Amino acid sequence: MTVCEYRPGLEGIPAAQSSISYVDGQKGILEYRGIKIEELAEKCTFLETAYLLIWGELPTKEDLEEFETEIRYHRRIKYSIRDMMKCFPDSGHPMDALQTSAAALGLFYSRRALDDPAYIRQAVVRLLAKTPSLVAAFQLMRKGNDPIQPNDDLDYATNFLYMLTERKPKPLAAKIFDVCLTLHAEHTMNASTFSARVTASTLTDPYAVVASAVGTLAGPLHGGANEEVLLMLEEIGSVANVRAYVEKCVENKQKIMGFGHRVYKVKDPRATILQHLAERLFYELGSDEYYDIALELEKIVEEKYGAKGIYANVDFYSGLLYRKLGIPTDLFTPIFAIARVAGWLAHWKEQLAANRIFRPTQVYTGLHDIAYVPIDERVSVNNNNGSHGKIY
Ligand code: SDX
């Protein structure tokens, strides 16, 4: 076996063989199962895309209808899960609520039959169907309201927006939201997908796989960046402040949210599509005060960092779209998760098909042969007077 050198963040190290998606970070190309993202965004619905990712090929009309019908049927969440969610603190972040409630699904659907195709299908359907319902239910409950039941007459995207507000969205809004889901559905071996595959490799249940991936997606270096972008645009406040903001970040070596990527060294193709969608939405529904700030920010970041290959990523424009659709800022990352469930499940299936538990190695940097010191003879090495940051 070849022993590789240690690479922080496993940069450039393949963690799996996968035929689900492909990124060319120099040319700005993204494909799902060999099909360019631009074509899927234009022609496919999110559920059609999810089917493609999970089952490896585009569904026939009948296959898609059957899949959509199954998903409609499984959108409701059990009252005991709703009761559990009612105990969540209103101030809790919706990503934490989603991680907890996704894991809780495993309590209700605990059969673990990973070699049974019917079980796999059911888990895929349940997770795709129920994740939007969990996100919408928490949103309503934290405002003190009962969750809104799904509407079986509505498609996936329309129904989610309906469950958030009890109002049917305009068709253009639902269409654009559906495209956003397609764009976020999958992206090779990103951190949350890696987390999903590691969890899957232990042969645990798919609800634990998704819960672990949700926890990983939440961080601001990953999916959580879309929320941070909006907070940053609010902080900048006006086009006139953008240059000073960027210069301050450069001086303080502070990362600018929504920019940079481990793989892309050009603008993320999804950011380009999201920007076009935002323009279309603003044209139809009225402009957004933060869009001009975003454009100026992108221009100045490119000026300062373009030579280093730092450009806008998927998280830069998505929040502007969601804001225009009336979605609260802290739901942006849960929406990313709703979409990415498709990719995580595709990787779950692929991992199971050729499973070996993940068990990498490490480079040990500690000591050896240290003598045990009895407790009474130990000297504290902490300079905080032994308080260890106590909060009581
Ligand atoms: C997603 O992996 C995926 O595919 C993820 C994703 C998906 O669909 O699953 O595409 C979704 O997570 C998008 C990324 C969202 N995160 C952000 O927008 C947060 C801001 N960006 C970064 O923190 C950063 O660019 C990462 C986390 C995205 C990538 O981190 P890397 O590859 O470990 O790069 P790095 O932090 O080591 O940076 C390399 C250099 C450094 O400069 P030097 O020390 O070499 O001089 O680039 C600089 C960094 O300081 N840099 C930035 C920057 N991103 C990198 N400088 C300013 N602002 C930034 N945003």
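Remember, it's a predicted structure, so these values are computed and weren't measured experimentally. These values consider heavy atoms only, across backbone and side chains, with no hydrogens, waters or symmetry-generated copies. Order of appearance sets the numbers: ligands from 1, and atoms from 1 within every ligand.
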Ligand 1 versus [X], non-hydrogen atoms closer than 4.0 Å: side chain, backbone, both, neither?
| X | result |
| --- | --- |
| Asp315 | side chain |
| Arg270 | side chain |
| Asp268 | neither |
| Pro220 | backbone |
| Tyr305 | side chain |
| Glu228 | neither |
| Asn313 | side chain |

### Query
Among all protein non-hydrogen atoms, which one is nearest to atom 16 (N) of ligand 1, and what is the separation to 0.1 Å?
Leu221 O, 2.9 Å
### Task
Kindly check if the number of other-residue, nucleotide or ligand heavy atoms within 6.0 Å of NZ (Lys265) is above 12?
yes
### Message
Can you classify the ring geometry of His261 versus His187 as parallel (below 30°), tilted (30 to 60°) or perpendicular (above 60°)?
### Response
perpendicular
### Query
Taking the six-membered ring for Trp, are Tyr207 and Tyr109 parallel (under 30°), tilted (30 to 60°) or perpendicular (over 60°)?
tilted
### Electrostatic pair Lys299-Glu303, nearest N-O below 4.0 angstrom
no
### Message
Using heavy atoms and a 4.0 Å limit, tell me yes or no: is Lys253 in contact with ligand 1?
### Response
no
### Message
So is Gly258 touching ligand 1 or not, going by heavy atoms under 4.0 Å?
### Response
yes
### Query
Is it true that Leu107 and Leu134 fall in one hydrophobic cluster, defined by side-chain heavy atoms closer than 4.5 Å?
yes
Counting from 1, what ligand 1 atoms have a heavy atom of [X] closer than 4.0 Å?
| X | value |
| --- | --- |
| Asn190 | 2 (O), 3 (C), 4 (O), 5 (C), 9 (O) |
| Ala225 | 15 (C), 16 (N), 17 (C), 18 (O) |
| Lys308 | 42 (O), 43 (P), 46 (O) |

### Query
Distance below 4.0 Å between atom 44 (O) of ligand 1 and any protein heavy atom?
no
### Task
Might you check, step by step, whether the distance between atom 37 (O) of ligand 1 and some protein heavy atom is under 4.0 Å?
no
### Message
Less than 3.5 Å apart, any donor N or O on the side chain of Ser19 or Arg33 sitting next to an acceptor on the other?
### Response
yes
### Query
Is a side-chain donor-acceptor pair under 3.5 Å present for Glu68 with Tyr156?
no
#### Entry: Validation row: Phe108, Arg126 side chains within 4.5 angstrom (heavy atoms)
no
### Query
Between Arg340 and ligand 1, does any nitrogen or oxygen pair lie at a separation below 3.5 Å?
yes
### Query
Considering distance alone, does some N or O of Ile256 sit under 3.5 Å from an N or O of ligand 1?
yes
### Leu183 backbone acceptor or donor facing Tyr32 side chain under 3.5 Å
yes
### Task
Flag the pair Phe259 / Tyr305 as yes when their ring centroid distance falls below 6.0 Å, and as no otherwise.
no
